[in-house]
2 protein chains.
Amino acid sequence: MGATNTTHFTTKQNSIASIAKALGHPARVAILEYLMKVDSCICGDIVNELPLAQATVSQHLKELKNAGLIKGNIEGNAICYCVDEKAIAKMQKYFEAMNLKIENKKAKCC
Amino acid sequence: MGATNTTHFTTKQNSIASIAKALGHPARVAILEYLMKVDSCICGDIVNELPLAQATVSQHLKELKNAGLIKGNIEGNAICYCVDEKAIAKMQKYFEAMNLKIENKKAKCC
DNA sequence: ATTGTTTATCGTAATATTGCAATATAGCAT
DNA sequence: ATGCTATATTGCAATATTACGATAAACAAT
(Lines give C-alpha, C1' and ligand atoms only; values in the text may rest on other atoms or scores of the structure.)
Protein backbone atom coordinates (compact mmCIF):
# COMPACT_ATOMS: atom_id res chain seq x y z
CA MET A 1 0.00 0.00 0.00
CA GLY A 2 1.56 3.28 1.10
CA ALA A 3 -1.53 5.34 1.78
CA THR A 4 -2.03 6.36 5.37
CA ASN A 5 -5.31 5.13 6.79
CA THR A 6 -6.78 8.18 8.53
CA THR A 7 -10.39 7.08 8.85
CA HIS A 8 -9.96 4.97 11.96
CA PHE A 9 -8.34 7.61 14.10
CA THR A 10 -9.80 10.58 15.90
CA THR A 11 -9.87 14.03 14.35
CA LYS A 12 -7.42 15.25 16.95
CA GLN A 13 -5.01 12.40 16.34
CA ASN A 14 -5.10 13.09 12.62
CA SER A 15 -4.64 16.79 13.22
CA ILE A 16 -1.62 16.34 15.49
CA ALA A 17 -0.11 13.84 13.07
CA SER A 18 -0.64 16.20 10.18
CA ILE A 19 1.18 19.09 11.86
CA ALA A 20 3.91 16.78 13.13
CA LYS A 21 4.38 15.33 9.69
CA ALA A 22 4.90 18.79 8.24
CA LEU A 23 7.62 19.35 10.82
CA GLY A 24 9.12 15.97 10.04
CA HIS A 25 11.73 17.35 7.71
CA PRO A 26 14.73 19.39 8.82
CA ALA A 27 14.30 21.87 5.98
CA ARG A 28 10.80 22.68 7.18
CA VAL A 29 12.01 23.01 10.76
CA ALA A 30 14.69 25.36 9.49
CA ILE A 31 12.13 27.38 7.53
CA LEU A 32 9.94 27.75 10.58
CA GLU A 33 12.87 28.83 12.71
CA TYR A 34 13.93 31.34 10.11
CA LEU A 35 10.42 32.79 9.97
CA MET A 36 10.58 33.16 13.73
CA LYS A 37 13.95 34.90 13.62
CA VAL A 38 13.02 37.62 11.19
CA ASP A 39 9.79 39.35 11.96
CA SER A 40 8.63 39.82 8.41
CA CYS A 41 9.69 37.61 5.59
CA ILE A 42 9.88 36.94 1.91
CA CYS A 43 10.49 33.57 0.35
CA GLY A 44 13.52 34.76 -1.59
CA ASP A 45 15.33 35.12 1.70
CA ILE A 46 14.40 31.58 2.59
CA VAL A 47 15.82 30.15 -0.61
CA ASN A 48 19.13 31.84 0.15
CA GLU A 49 19.09 30.49 3.68
CA LEU A 50 18.65 26.88 2.66
CA PRO A 51 20.85 24.41 0.79
CA LEU A 52 17.99 23.57 -1.56
CA ALA A 53 16.79 24.63 -4.97
CA GLN A 54 14.06 27.23 -5.28
CA ALA A 55 11.53 24.69 -6.51
CA THR A 56 12.19 22.47 -3.52
CA VAL A 57 11.84 25.31 -1.05
CA SER A 58 8.58 26.36 -2.67
CA GLN A 59 7.31 22.83 -2.28
CA HIS A 60 8.26 22.74 1.40
CA LEU A 61 6.53 26.07 1.94
CA LYS A 62 3.42 24.67 0.36
CA GLU A 63 3.40 21.74 2.74
CA LEU A 64 3.90 23.96 5.75
CA LYS A 65 1.00 26.07 4.52
CA ASN A 66 -1.24 23.05 3.95
CA ALA A 67 -0.53 21.87 7.47
CA GLY A 68 -1.48 25.30 8.81
CA LEU A 69 1.96 26.01 10.21
CA ILE A 70 2.48 29.12 8.14
CA LYS A 71 0.29 31.62 6.38
CA GLY A 72 1.15 33.88 3.50
CA ASN A 73 0.02 37.16 2.02
CA ILE A 74 0.75 38.29 -1.49
CA GLU A 75 2.65 41.57 -1.37
CA GLY A 76 3.14 42.88 -4.85
CA ASN A 77 5.90 40.86 -6.38
CA ALA A 78 6.84 38.81 -3.36
CA ILE A 79 4.94 36.75 -0.82
CA CYS A 80 5.11 37.38 2.88
CA TYR A 81 5.11 34.16 4.87
CA CYS A 82 4.59 34.07 8.63
CA VAL A 83 4.33 31.44 11.30
CA ASP A 84 0.73 30.65 12.17
CA GLU A 85 0.50 30.94 15.95
CA LYS A 86 -2.51 28.67 16.18
CA ALA A 87 -0.69 25.55 15.03
CA ILE A 88 2.25 26.25 17.32
CA ALA A 89 -0.06 26.86 20.25
CA LYS A 90 -1.84 23.62 19.52
CA MET A 91 1.36 21.60 19.58
CA GLN A 92 2.58 23.43 22.66
CA LYS A 93 -0.59 22.54 24.55
CA TYR A 94 -0.50 18.97 23.35
CA PHE A 95 3.00 18.30 24.59
CA GLU A 96 2.45 20.26 27.77
CA ALA A 97 -0.54 18.12 28.67
CA MET A 98 1.42 14.98 27.86
CA ASN A 99 4.33 16.15 29.92
CA LEU A 100 2.08 16.84 32.89
CA LYS A 101 0.56 13.38 32.66
CA ILE A 102 4.00 11.83 32.69
CA GLU A 103 5.04 13.79 35.75
CA ASN A 104 1.94 12.68 37.63
CA LYS A 105 2.53 9.08 36.72
CA LYS A 106 3.42 6.80 39.56
CA ALA A 107 3.58 3.37 37.99
CA LYS A 108 6.73 2.69 36.12
CA CYS A 109 7.61 -0.29 34.02
CA CYS A 110 10.62 0.72 31.92
CA MET B 1 15.76 11.65 -5.40
CA GLY B 2 13.64 11.08 -2.33
CA ALA B 3 16.36 11.01 0.28
CA THR B 4 16.21 13.75 2.87
CA ASN B 5 19.35 15.83 2.96
CA THR B 6 20.20 16.10 6.66
CA THR B 7 23.80 17.20 6.41
CA HIS B 8 23.10 20.88 5.91
CA PHE B 9 20.92 21.36 8.94
CA THR B 10 21.80 21.69 12.59
CA THR B 11 21.76 18.72 14.92
CA LYS B 12 18.83 20.20 16.77
CA GLN B 13 16.83 20.76 13.62
CA ASN B 14 17.44 17.18 12.57
CA SER B 15 16.54 15.93 16.00
CA ILE B 16 13.26 17.85 16.17
CA ALA B 17 12.39 16.75 12.64
CA SER B 18 13.13 13.16 13.48
CA ILE B 19 10.80 13.11 16.50
CA ALA B 20 8.14 15.05 14.62
CA LYS B 21 8.37 12.65 11.72
CA ALA B 22 7.74 9.72 14.01
CA LEU B 23 4.63 11.47 15.25
CA GLY B 24 3.58 12.24 11.69
CA HIS B 25 1.25 9.29 11.46
CA PRO B 26 -2.07 9.03 13.28
CA ALA B 27 -1.44 5.40 14.24
CA ARG B 28 1.73 6.40 16.03
CA VAL B 29 -0.02 9.29 17.76
CA ALA B 30 -2.69 6.82 18.84
CA ILE B 31 -0.07 4.39 20.13
CA LEU B 32 1.60 7.10 22.17
CA GLU B 33 -1.73 8.20 23.63
CA TYR B 34 -2.60 4.63 24.49
CA LEU B 35 0.72 4.16 26.23
CA MET B 36 -0.05 7.28 28.25
CA LYS B 37 -3.49 6.05 29.19
CA VAL B 38 -2.47 2.72 30.63
CA ASP B 39 0.41 2.89 33.02
CA SER B 40 2.04 -0.33 32.02
CA CYS B 41 1.65 -1.90 28.67
CA ILE B 42 2.11 -4.86 26.40
CA CYS B 43 2.11 -4.69 22.64
CA GLY B 44 -0.69 -7.24 22.32
CA ASP B 45 -3.03 -4.68 23.80
CA ILE B 46 -1.91 -2.16 21.24
CA VAL B 47 -2.67 -4.44 18.33
CA ASN B 48 -6.19 -4.90 19.64
CA GLU B 49 -6.59 -1.15 20.04
CA LEU B 50 -5.66 -0.30 16.49
CA PRO B 51 -7.30 -1.01 13.14
CA LEU B 52 -4.06 -2.39 11.77
CA ALA B 53 -2.45 -5.79 11.36
CA GLN B 54 0.05 -7.02 13.90
CA ALA B 55 2.96 -6.64 11.50
CA THR B 56 2.05 -3.04 10.81
CA VAL B 57 1.75 -2.16 14.48
CA SER B 58 5.10 -3.78 15.16
CA GLN B 59 6.61 -1.63 12.44
CA HIS B 60 5.13 1.55 13.88
CA LEU B 61 6.44 0.63 17.32
CA LYS B 62 9.88 0.18 15.84
CA GLU B 63 9.78 3.64 14.35
CA LEU B 64 8.64 5.20 17.59
CA LYS B 65 11.47 3.42 19.33
CA ASN B 66 14.05 4.53 16.77
CA ALA B 67 12.91 8.11 17.21
CA GLY B 68 13.32 7.76 20.97
CA LEU B 69 9.66 8.35 21.70
CA ILE B 70 9.17 5.02 23.44
CA LYS B 71 11.36 2.51 25.17
CA GLY B 72 10.72 -1.16 25.72
CA ASN B 73 11.76 -3.89 28.10
CA ILE B 74 11.45 -7.57 27.43
CA GLU B 75 9.28 -9.13 30.11
CA GLY B 76 9.20 -12.86 29.64
CA ASN B 77 6.94 -13.57 26.78
CA ALA B 78 5.72 -10.04 26.11
CA ILE B 79 7.39 -6.66 25.71
CA CYS B 80 6.59 -3.71 27.89
CA TYR B 81 6.60 -0.47 25.96
CA CYS B 82 6.54 2.92 27.66
CA VAL B 83 6.64 6.54 26.60
CA ASP B 84 10.12 8.01 26.86
CA GLU B 85 9.75 11.20 28.85
CA LYS B 86 12.89 12.76 27.45
CA ALA B 87 11.55 13.04 23.91
CA ILE B 88 8.23 14.44 25.09
CA ALA B 89 10.00 16.95 27.32
CA LYS B 90 12.17 18.00 24.41
CA MET B 91 9.20 18.69 22.18
CA GLN B 92 7.36 20.43 24.97
CA LYS B 93 10.27 22.80 25.55
CA TYR B 94 10.70 23.41 21.85
CA PHE B 95 7.13 24.50 21.29
CA GLU B 96 7.01 26.42 24.54
CA ALA B 97 9.99 28.50 23.51
CA MET B 98 8.49 29.06 20.08
CA ASN B 99 5.19 30.06 21.61
CA LEU B 100 6.90 32.56 23.90
CA LYS B 101 8.75 34.11 20.99
CA ILE B 102 5.51 34.53 19.11
CA GLU B 103 3.82 36.21 22.04
CA ASN B 104 6.66 38.69 22.40
CA LYS B 105 6.56 39.50 18.75
CA LYS B 106 5.47 42.98 17.88
CA ALA B 107 5.84 43.19 14.15
CA LYS B 108 3.10 41.54 12.21
CA CYS B 109 2.83 41.05 8.51
CA CYS B 110 0.12 38.43 7.96
C1' DA C 1 6.91 45.75 -25.31
C1' DT C 2 10.95 43.82 -23.18
C1' DT C 3 13.62 42.51 -19.36
C1' DG C 4 14.42 41.04 -14.81
C1' DT C 5 12.75 39.25 -10.34
C1' DT C 6 10.10 36.29 -7.51
C1' DT C 7 7.32 32.46 -6.69
C1' DA C 8 4.59 28.41 -8.32
C1' DT C 9 3.87 24.37 -11.02
C1' DC C 10 5.00 20.40 -14.00
C1' DG C 11 7.48 16.42 -15.10
C1' DT C 12 10.41 13.03 -13.67
C1' DA C 13 13.78 10.10 -11.16
C1' DA C 14 15.28 8.27 -6.79
C1' DT C 15 14.02 6.87 -2.48
C1' DA C 16 10.90 6.22 1.57
C1' DT C 17 6.66 4.90 3.75
C1' DT C 18 2.61 2.18 4.53
C1' DG C 19 0.34 -2.08 4.98
C1' DC C 20 -0.14 -6.89 5.02
C1' DA C 21 0.54 -12.02 4.50
C1' DA C 22 3.76 -15.25 5.46
C1' DT C 23 7.24 -16.71 8.14
C1' DA C 24 10.58 -16.61 11.88
C1' DT C 25 11.81 -16.23 16.73
C1' DA C 26 11.41 -16.73 21.56
C1' DG C 27 9.46 -17.90 25.74
C1' DC C 28 5.65 -20.34 28.36
C1' DA C 29 2.79 -24.28 29.33
C1' DT C 30 1.58 -28.79 28.85
C1' DA D 1 9.20 -32.46 22.63
C1' DT D 2 4.95 -30.16 21.12
C1' DG D 3 1.90 -26.72 20.91
C1' DC D 4 0.54 -21.92 22.09
C1' DT D 5 1.14 -17.03 22.41
C1' DA D 6 3.41 -12.69 21.57
C1' DT D 7 6.40 -10.10 18.86
C1' DA D 8 9.68 -9.32 15.03
C1' DT D 9 11.27 -9.78 10.38
C1' DT D 10 10.96 -10.55 5.47
C1' DG D 11 9.17 -9.78 1.02
C1' DC D 12 6.30 -7.40 -1.75
C1' DA D 13 2.91 -4.07 -3.90
C1' DA D 14 0.87 0.47 -3.69
C1' DT D 15 1.56 5.02 -2.75
C1' DA D 16 4.03 9.16 -0.97
C1' DT D 17 7.99 12.11 -0.46
C1' DT D 18 12.09 14.48 -1.82
C1' DA D 19 14.68 16.97 -5.00
C1' DC D 20 15.56 19.44 -9.08
C1' DG D 21 15.52 21.34 -13.91
C1' DA D 22 12.49 23.47 -16.91
C1' DT D 23 8.87 26.27 -17.51
C1' DA D 24 5.01 29.29 -16.34
C1' DA D 25 2.78 33.18 -14.13
C1' DA D 26 2.65 37.66 -12.16
C1' DC D 27 4.43 41.81 -11.35
C1' DA D 28 7.93 45.91 -11.44
C1' DA D 29 10.94 48.67 -13.89
C1' DT D 30 12.91 50.34 -17.77
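What you are looking at is a predicted structure, and each value in this text was computed from that prediction instead of being measured. Naming: A, B, ... by sequence-line order, numbering from 1 per chain. Quick note: numbers below take in every heavy atom, side chains included, and nothing from hydrogens, waters or symmetry partners.
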**Student:** Measure NZ/K62(B) against C1'/dA16(C) and give the value in whole Å, please.
**Tutor:** 14 Å
**Student:** Once you round it to whole Å, what is the distance between P of dA8(C) and CD of Q59(A)?
**Tutor:** 11 Å
**Student:** Heavy atoms under 4.0 Å, any strand shown: does E63(A) hit a base, just sugar-phosphate, or nothing?
**Tutor:** sugar-phosphate
**Student:** Mark up nucleotides 21-30 of chain C, 5' to 3', with B wherever a protein heavy atom is under 4.0 angstrom from a base atom, S wherever such an atom reaches only the sugar-phosphate, and - elsewhere.
**Tutor:** BB----BS--
**Student:** Round to a whole Å and report the spacing from CG of N66(A) to P of dA8(C).
**Tutor:** 12 Å
**Student:** K101(A): which residues meet the side-chain contact (heavy atoms from CB on, under 4.5 Å) condition with it, sequence neighbours left out?
**Tutor:** M36(B)
**Student:** Output side-chain donor-acceptor pairs under 3.5 Å for residues 87-96 of chain B, partner residues at least two apart or in another chain, one line each.
**Tutor:**
unit_1: K90(B); atom_1: NZ; unit_2: S15(B); atom_2: OG; d: 2.6
unit_1: Q92(B); atom_1: OE1; unit_2: N99(A); atom_2: ND2; d: 3.1
unit_1: Q92(B); atom_1: NE2; unit_2: E96(B); atom_2: OE2; d: 3.4
unit_1: Y94(B); atom_1: OH; unit_2: E33(A); atom_2: OE2; d: 2.6

**Student:** Quick one: K65(A) NZ to dA8(C) C1', roughly how many Å, whole number?
**Tutor:** 11 Å
**Student:** From CD1 of I70(A) over to C1' of dT7(C), roughly how many Å is that when rounded to an integer?
**Tutor:** 13 Å
**Student:** Side chain of L52(A): nearest nucleotide among dG19(C), dA8(C), dC20(D)?
**Tutor:** dC20(D)
**Student:** Taking the side chain of K21(B) as its heavy atoms from C-beta onward, which of dA16(C), dA16(D), dT7(C) lies nearest to it?
**Tutor:** dA16(C)
**Student:** For H25(B) and dG19(C), is the shortest distance between a side-chain N/O and OP1 or OP2 below 4.0 Å?
**Tutor:** yes
**Student:** Between dA16(D) atom P and R28(A) atom CZ, what is the distance in whole Å?
**Tutor:** 15 Å
**Student:** Flag the pair V83(A) / L32(A) as yes when at least one side-chain heavy-atom distance between them is below 4.5 Å, and no otherwise.
**Tutor:** yes
**Student:** Can you list the residues that meet the side-chain contact (heavy atoms from CB on, under 4.5 Å) rule with A27(A), with sequence neighbours excluded?
**Tutor:** H25(A), L52(A), H60(A), F9(B)
**Student:** F9(A) has an atom CZ; how far is it from atom C1' of dT18(C), in whole Å?
**Tutor:** 11 Å
**Student:** Would you say H60(A) reaches dT17(D)'s phosphate, i.e. side-chain N/O to OP1/OP2 under 4.0 Å?
**Tutor:** no
**Student:** Can you tell me if the side-chain N/O atoms of Y81(A) get under 4.0 Å from OP1 or OP2 in dT6(C)?
**Tutor:** no
**Student:** Check L64(B), V57(B), L61(B) against R28(B) for a side-chain contact (heavy atoms from CB on, under 4.5 Å) and give me the one that passes.
**Tutor:** L64(B)
**Student:** In whole angstrom, what separates D45(A)'s CG from dT5(C)'s P?
**Tutor:** 15 Å
**Student:** Identify, with sequence neighbours excluded, every residue that meets salt bridge (charged side-chain N to carboxylate O under 4.0 Å, His left out) alongside K86(B).
**Tutor:** D84(B)
**Student:** With the side chain counted from C-beta on, respond yes when D45(A) and Y34(A) share a heavy-atom pair under 4.5 Å apart, and no when they do not.
**Tutor:** yes
